[in-house]
Amino acid sequence: MWRMLRGVVVRALHFCVRHMKRALLWFSWGYTVFLICGSLVGLLIGFTSAYGDLSGVGCNFYDALIFGINCRGFFGAQAAQVLVGFPLLVVQLSVVFFPSPIGFVFVLLLWFPVLVSLYSLIKCLSSRSKGARP
């Protein structure tokens with residue numbers, strides 16, 4: 001009876017761990033893609049708009065203690081502001097919090113999904129290259 005119960009518990013735990021790994025991987029890839037897309041849109045806005053210009057429709061960067069972006073005058077302005085502002089915030093918080101021990105843990109948490117994505121990419125590429133060898 002105990003062996004059967006133990007087997008059921010082990011299978012259930014294996015099932016949960018496998019799905020938690022999959023969920024972590026999906027979250028990590030989504031987070032990484034969000035950071036990359038936000039950074040690319042930020043670069044595009046930075047190259048195509050005047051710095052600090054508050055007139056008209058569009059997006060532009062500003063600095064008031066921290067760098068940010070201000071979007072106005074079009075549908076989806078708030079979404080664009082969040083998309084570009086989040087990568088800026090991650091980078092700025094990493095710079096500010098890195099020197100302190102507690103802040104270092106926070107910085108690791110901010111960049112952990114990116115590290116997981118890089119690890120999975122390297123693991124995938126290395127397994128494909130090993131499989132391609134004769």
Side-chain angles (χ1 to χ4, degrees):
M1 167 117 175
W2 290 108
R3 283 186 187 180
M4 187 173 81
L5 182 63
R6 181 174 164 246
V8 168
V9 170
V10 167
R11 281 193 301 270
L13 285 175
H14 179 67
F15 178 80
C16 289
V17 167
R18 185 175 39 163
H19 286 289
M20 289 296 286
K21 279 181 171 179
R22 185 176 296 157
L24 176 67
L25 193 59
W26 276 98
F27 172 76
S28 298
W29 277 107
Y31 183 87
T32 304
V33 167
F34 187 72
L35 284 178
I36 291 170
C37 288
S39 299
L40 291 175
V41 170
L43 285 173
L44 179 68
I45 291 169
F47 286 130
T48 60
S49 67
Y51 183 80
D53 182 24
L54 295 176
S55 63
V57 175
C59 296
N60 62 349
F61 286 99
Y62 67 88
D63 60 348
L65 296 180
I66 62 170
F67 289 102
I69 188 163
N70 186 15
C71 295
R72 72 214 154 281
F74 61 94
F75 181 74
Q78 293 296 324
Q81 197 167 325
V82 169
L83 178 69
V84 177
F86 186 71
L88 284 172
L89 188 64
V90 168
V91 169
Q92 291 176 64
L93 287 176
S94 299
V95 170
V96 170
F97 284 139
F98 190 75
S100 73
I102 295 173
F104 182 72
V105 173
F106 184 69
V107 169
L108 284 178
L109 287 175
L110 280 174
W111 289 100
F112 180 72
V114 176
L115 296 174
V116 169
S117 299
L118 286 174
Y119 173 75
S120 69
L121 180 67
I122 291 169
K123 185 177 171 183
C124 179
L125 292 175
S126 68
S127 68
R128 285 186 181 177
S129 67
K130 288 180 184 176
R133 292 181 188 168

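All values derive from a computational prediction rather than experimental measurement.
- Taking every heavy atom of both residues into account, Ser94 and Leu110 meet most closely at OG-CD1, 4.3 Å.
- Closest approach of Val107 to Leu93, counting heavy atoms only: CG2-O, 4.2 Å.
- Checking Leu25, Leu121, Thr32 one by one against Val116, the side chain to side chain contact (heavy atoms under 4.5 Å, CB included) holds for a single residue, Leu25.
- The hydrophobic cluster containing Phe104 also contains Val114, counting ILVMFWY residues as joined when their side-chain heavy atoms lie under 4.5 angstrom apart, directly or transitively.
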Practice problem: Check step by step if side chain to side chain contact (heavy atoms under 4.5 Å, CB included) holds for Trp111 and Leu118. | Solution: CA-CA 11 Å; Trp111 289 100; Leu118 286 174; over 6 Å; no

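- Atom CZ of Phe74 has more than 12 neighbouring heavy atoms from other residues, nucleotides or ligands inside a 6.0 Å radius.
- With a 6.0 Å radius and a threshold of 12 heavy atoms from other residues, nucleotides or ligands, Ile102 has its CD1 atom at or below the threshold.
- Using a 4.5 Å cut-off between side-chain heavy atoms of Ile, Leu, Val, Met, Phe, Trp and Tyr, with links allowed through other members, Val90 and Leu108 fall into the same hydrophobic cluster.
- Going from atom SG of Cys124 over to atom OH of Tyr119 covers 12.0 Å, rounded to the nearest 0.5 Å.
- Looking at heavy atoms from C-beta onward, Phe106 lies out of side-chain contact with Val96 at the 4.5 angstrom threshold.
- The aromatic rings of Phe86 and Tyr31 lie perpendicular to each other, with more than 60° between the two planes, well past the 30° mark.
- Linking ILVMFWY residues whenever their side-chain heavy atoms come closer than 4.5 Å, directly or via other members, leaves Val91 and Val33 in distinct clusters.
- Within the 4.5 Å cutoff, the side chain of Trp29 has heavy atoms near those of the Ser120 side chain.
- Using a 4.5 Å cut-off on side-chain heavy atoms (C-beta onward), Phe34 and Leu83 make contact.
- Taking each heavy atom of Ser28 and Pro113 in turn, the nearest pair found is CB-O, 3.3 Å.
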